[in-house]
Amino acid sequence: MTASGWIQLALYVGILALLTKPMGLFLVKVLDARGRTFLDPVIKPVERLMYRILGVDPQTEYNWKQYAVAMLLFSLVSCIFTYAILRLQACLPWYGAAQGHLSTVMTPDLAFNTAVSFTTNTNWQSYGGENTMSYFSQMVGLASHNFFSAATGIAIAAALVRAIARDKAKTIGNFWVDLVRINLYVLIPVCIVYALFLVSQGMIQNFRPYTDITVLEQAPATTQPAVQTLQMGPMASQVAIKMLGTNGGGYANANAAHPFENPTPLSNFIQMLSIFLIPSGLTYYLGRTVKSQKHGWAVWASMAVLFIGATTVCWWAESRGNPHFAELGVVQTGGNMEGKEVRFGIFNSALFANITTDASCGAVNSMHDSYTPLGGMMPMLNIQLGEIIFGGVGAGLYGMLVFVVVTIFIAGLMVGRTPEYLGKKIEAYDVKTASLAILILTHSILIFTAWACISDWGRAGLNNNGPHGFSEMLYAYSSAAGNNGSAFAGLNTNTPWWNTTMALAMLFGRFLMIVPIIALAGSLAGKKRIPQSAGSFPVSGVTFVVLLVGTILIAGALTFLPALALGPIVEHFLMTNTTQLF
Amino acid sequence: MATVTQTSRRSSTHTELSSGSRAKAQQRSLFDMEIVGPAIKASLAKLNPLLMVKNPVMFVTEVGAAVTTVELFFARTHSEPLGFVLQIALWLWFTVLFANLAEAMAEGRGKAQADGLRRSRTKASARKIDVNGIETLVPAETLRKGDTFVCTANDVIPADGEIIEGAATVNESAITGESAPVIREAGGDRSAVTGGTTVLSDRIIVRVTADPGESFMDRMIGLIEGAKRQKTPNEIALNILLAALTIIFLIVIMTLKPFGIYSGLLPSSISITILVALLVCLIPTTIGGLLSAIGIAGIDRMVQHNVLAMSGRAVEAAGDVDVLLLDKTGTITLGNRQATEFVPAPGVDPRELADAAQLSSLADETPEGRSIVVLAKEQFGLRGRELHELPHATFVPFTAQTRMSGVNINGTQIRKGAADSIATFVGSKFPDEVNKAVDKIARSGGTPLVVASNQRVLGTIHLKDIVKAGLPDRFRRFRAMGIKTVMITGDNRLTAASIAAEAGVDDFLAQATPENKLALIRKEQAAGHLVAMTGDGTNDAPALAQADVGVAMNTGTQAAKEAGNMVDLDSNPTKLIEVVEIGKQLLMTRGALTTFSIANDVAKYFAIIPAIMVATFPVIKPLNIMGLQSPHSAILSAVIFNALIIIILIPLALRGVKFRPLGAAVILRRNLLIYGLGGVTIPFIGIKAIDIIVNLMHLA
């Protein structure tokens, strides 16, 4: 744990805090159908055109059921669209550029898994991009979802926040308007600038065929000059939205550890920052919309506490290194470097790992599988808590708000009133929908993992046995149900069983969770807003932050402690006390 | 004026008496054998799964207990020590029984009160009058709505009804617990009589207003016994959360089996007995077991304050109330005005004014009159003379026409009264100073009484509303809790404003009428507030019905009682404040025990997780931070703790957590420390202690 690490952590959190308000204020304008932005002169005509094409009346708002149906329909259609592109990629443009290098067969189950994965903002990849995807598939089939699924998440968060702010309202907004405005005003403009920046750092953006190069250093065992095939293609345009939209699906298999996909320390820092940019701004949007900026900051602070806590534990565990390497005389300067890119080192790997799993991003710049048991447990726990620590764009906020509702319900009674959240009474229906959202996530993770544990198909994917193998399966389903997409590698999931069960976990974790949340929004919107007084439950201040963080940790611990004990925890004790390795 | 004064005087004595007699009845020890005995029996009867299924948490526990009992027969095949399985099974049954006991005890306390009521209405018969006015003796239960009957002295009134003819003094101790008689008469706001009460004098003819089984008393008994208890909205919501937690833990435990198989845990470490034990430890049995007891105890606490809540929902709503409409007279002020100052006219000795004022008030039996006598004595040492000491004095009583009273003594006519009346009496204008004094008193909210002796104006007496002691402080605490107090009065704005300022209420409604009272409630509700009020008259009924919590006075009309959702048997409007506090306390107790229950799970995990893993992975030992002796003793200790904590918390559930009138933020911080942090730490200590005992006794 180095001073430079602490400084970078402080710098990261500081800059994030500074960006929160401007981003939030911009989102306030964008997420209001009548909001005006400085981009209006250029984009307003395009927005109007979009409504005409979609046949949408931007003035009409939807009730929660209509909103949910629109969201589901849109996701279904776009999912089928991507499935078709993936299956037909050989007949589509630019296939030739990568032809001969696409060794992974696009089977129906892989296409299904991948289409679902990108539709649900998961970006789990049972494949390596360079040997599976054509440029067209990457750009149209996958990148489009990076925009759509991110916008969907933000739209639902906005609908929920609006619902809290409204008084006896029947409607929660118009899904199509939200979708169009988020894409046109936020995602696309930012990504254009962002992609250009990435190119300036050395990231590729072209349509050239794969290129063979002779490497300078040759492998020690051979005498022939080594030749390496380099993937080319439109990388920067896809990486920009992959980070900003917390999608995380790598263009290359090595994801953000690949020198093309993450060329410089600056690109690394900006990529990390861009993951949290929108989620962080949304907390400000929350505060502004419900007219309690303190509450917005309290939510932000709760997220920040959890983020810094988990990052520090992970960084500490990685810095201590692996005692078995020490016994073998391997020098571990700074800690456990296995699976980490030397350009980033211990701290920037640990930081990236936590950011990407706090959010539902899933891009990686190091291999989480190679972390020490406790170091690897933190990213896993981040996902299992529901990716609510800043979280995926939109998804993080609505997940967090579900926890806020549950927290207020449990503790709110203690102040002697029917629990109320910002003047909205929390009643049976709200508890039901919030509980359902939490149940879906935990059940998807635990039940699928249990199934894989005792199935031949499940264990067949494992490259490691014992607790570490268990961690790999647990991580995989956590990542899928949590719509994260990062992986403990060492698990081959490109089999029909794994692809299908993972796709199901992703679908459950996304849509079965979103529908109760939209229902919750509908219920909250319809309630009368009770005026705040000294007797109201305080939703800001230190007590609230401590309470919220405590509830999240206890809820997470209570649900996943047995599983974690059998995975990373026991592995940790085995590593430190025995010679067993997995 | 005179009637009002008398009524309120009586009702205030009424209150003191009744709270005195009730206090004795309340001092029933929590573990009184009269209640615990039958409760133990009832807790066994409650094991019926058809009843248990209403409480998902305890139902799962009961199923778990049954499963482990069956496991007893397979202990040998599963290579588990029989004694261990037996003890787990027993403690799981105890867990269920303890929860049942909590509920039975709460119900038992209500039943004890209900039994007293029931005794009062055993052998009543009715003197029914038919259309022709012929009286027949019929059993009370044959009376139907619309029938009429007659009651004379010493008759027990056979049914709820409305007096249509006559007036009588009635002993209502059967419902109010006090013996001071009350007057009931036809017409007006005190025409309602309650079945089971006794007529002490006179004769009344009553029309029946409730069929048998629906009478006030029947409902009261039903409510107290908890027979008709329905889950309140908040209880339903909490039950959903508890059910959700139960489902989560069911899945956690069910998936632990495959996880364990994969990880190579010993089958005996993840046996059905152990998994069931872990499940019961994790599901929120503490709150699940105590939840209904807390609700029943809330209604019971209302009854102890002589307030009858028509539903648990009303008690809950009381906690949410944030606007209190308080009648000025009787609630905020003492109900009658008192003399506080003599303001002499120029050139008049204050002593002379006081003397004249006292003389004029000697025969005045109103509290105002007596307060003048007392003030003169206090300020000038003037002893109040007895009437027989003044044989030549003729007292002139107050009439609505003259609007003054006084005395004629030795040719001197002393009068006191409203300024304009006295002006007519003296036939000349007042000195400026007197007019100023009159104005000043009126502006300050007081009532000026001018005293004159023959044609000479002596000065002014300041009569003032006396705000009850301690109220401003109480209202301040209410403000800290976010509750707004609104004073309702028939006085004009000026007077109202002054008293409101003195009492420290947040707002007031002057010149109140039933209509603008109702309008005020609607306005507050439209702004999202929950309103509580008291009332007794028929014209209060719409407002009582509209208010979220409407407390009807028992002395009030049937219409008022029907409209409100609570009845105060003491007819003490100040009680509204206690009603709110009890409501809050009920919700707080629920929240505190929920938080405690969930926080407990942390320690239980630290007991059980190492226990099930240590056989396969001895390296996990450091996780056993409590240093529990063996896997079996760890599991047993956690299960025992889980059962005993229910018993230990029964008194808290029945009495409620301590209520403090503080702001929400302070209460939250305090309760979080006690029940949140306490909930995390206490089981570590408890389980460790039980583990030591278990090992000392060689139980595992």
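In what follows, chains carry the letters A, B, and so on, assigned in the order in which the sequence lines appear, proteins first and then strands, with residues in each chain numbered from 1. For clarity, every value in this text was computed on a predicted model and none was experimentally measured.
- For chain A, the option among B/P622, B/G663, B/G676, B/P610 with the highest count of heavy-atom pairs below 4.5 Å is B/P622.
- The most heavy-atom pairs under 4.5 Å with chain A, out of B/I609, B/N234, B/V666, B/I667, come from B/N234.
- The main-chain N or O of A/G376 is never found under 3.5 Å from a side-chain atom of A/Y475 such that the two would form a donor-acceptor pair.
- Residue A/I440 does not touch chain B at all, counting heavy-atom pairs closer than 4.5 Å.
- A donor-acceptor distance shorter than 3.5 angstrom exists from the side chain of A/R529 to the backbone of A/L422, with no hydrogens or angles considered.
- Looking only at heavy-atom pairs under 4.5 Å with chain A, the residue among B/I248, B/I612, B/L662 that has the most is B/I248.
- A/A557 touches chain B through its backbone: at least one of N, CA, C or O sits under 4.5 Å from a heavy atom, while the side chain does not.
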Q. Hey, mind stepping through B/T595 and B/N671 against side chain to side chain donor-acceptor pair (under 3.5 Å) and telling me if it holds?
A. CA-CA 9 Å; B/T595 307; B/N671 284 341; over 6 Å; no
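- A side chain to side chain contact (heavy atoms under 4.5 Å, CB included) with A/Q384 holds for exactly one of A/L474, A/L446, A/L441; it is A/L474.
- With a 4.5 Å cut-off on non-hydrogen atoms, A/V406 touches chain B through its side chain but not through its backbone.
- The choice from B/V680, B/V602, B/V619, B/I598 that makes the most heavy-atom pairs within less than 4.5 Å of chain A is B/V619.
- When heavy atoms are compared at a cutoff of 4.5 Å, A/T449 approaches chain B by way of both its backbone and its side chain.
- The parts of A/L558 that come within reach of chain B are both its backbone and its side chain, each placing non-hydrogen atoms under 4.5 angstrom from that chain.
- At distances below 3.5 Å, not a single donor-acceptor pair connects side-chain atoms of A/R459 with backbone N or O atoms of A/G469.
- Heavy atoms of B/R670 lying under 4.5 Å from chain A are absent altogether.
- Using a 4.5 Å cut-off between heavy atoms, B/A665 contacts chain A through both its backbone and its side chain.
- Although no hydrogens or angles enter the test, the distance criterion places no donor-acceptor pair under 3.5 Å between the side chain of B/E581 and the main chain of B/E578.
- In this structure, the side chain of A/H324 engages the main chain of A/M575 through a donor-acceptor pair within 3.5 Å.
- Taking B/A599, B/G260, B/G583, B/A592 one by one and counting their heavy-atom pairs under 4.5 Å with chain A, the maximum is reached by B/A592.
- Only the backbone of A/S536 comes within contact range of chain B, with heavy atoms under 4.5 Å apart.
- Remark: side-chain polar atoms of B/D506 are paired, donor with acceptor, to backbone N or O of B/T485 under 3.5 angstrom.
- B/T594 and B/Y675 share no side-chain donor-acceptor pair at under 3.5 Å.
- Heavy-atom distances place both the backbone and the side chain of A/F470 under 4.5 Å from chain B.
- Of the atoms belonging to A/I530, heavy atoms from both backbone and side chain fall under 4.5 Å from chain B.
- Salt bridge A/D167/A/K528: absent, no basic N to carboxylate O contact under 4.0 Å.
- For the options A/I447, A/T442, A/V546, heavy-atom pairs under 4.5 Å to chain B are most numerous at A/I447.
- Interface check for chain A: of the options B/M613, B/K621, B/R669, the most heavy-atom pairs under 4.5 Å are formed by B/M613.
- In this structure, B/N642 contributes its side chain and B/V280 its backbone to a donor-acceptor pair below 3.5 Å.
- Proximity to chain A (any heavy atom under 4.5 Å) is shown, for B/F659, by neither the backbone nor the side chain.
- Under the 3.5 Å distance criterion, with hydrogens and angles disregarded, no donor-acceptor pair is assigned to the side chains of B/D322 and A/S533.
- Contact of A/K168 with chain B is not made at all, since no heavy-atom distance falls under 4.5 Å.
- Of the atoms belonging to B/I261, it is side-chain heavy atoms, and not backbone ones, that fall under 4.5 Å from chain A.
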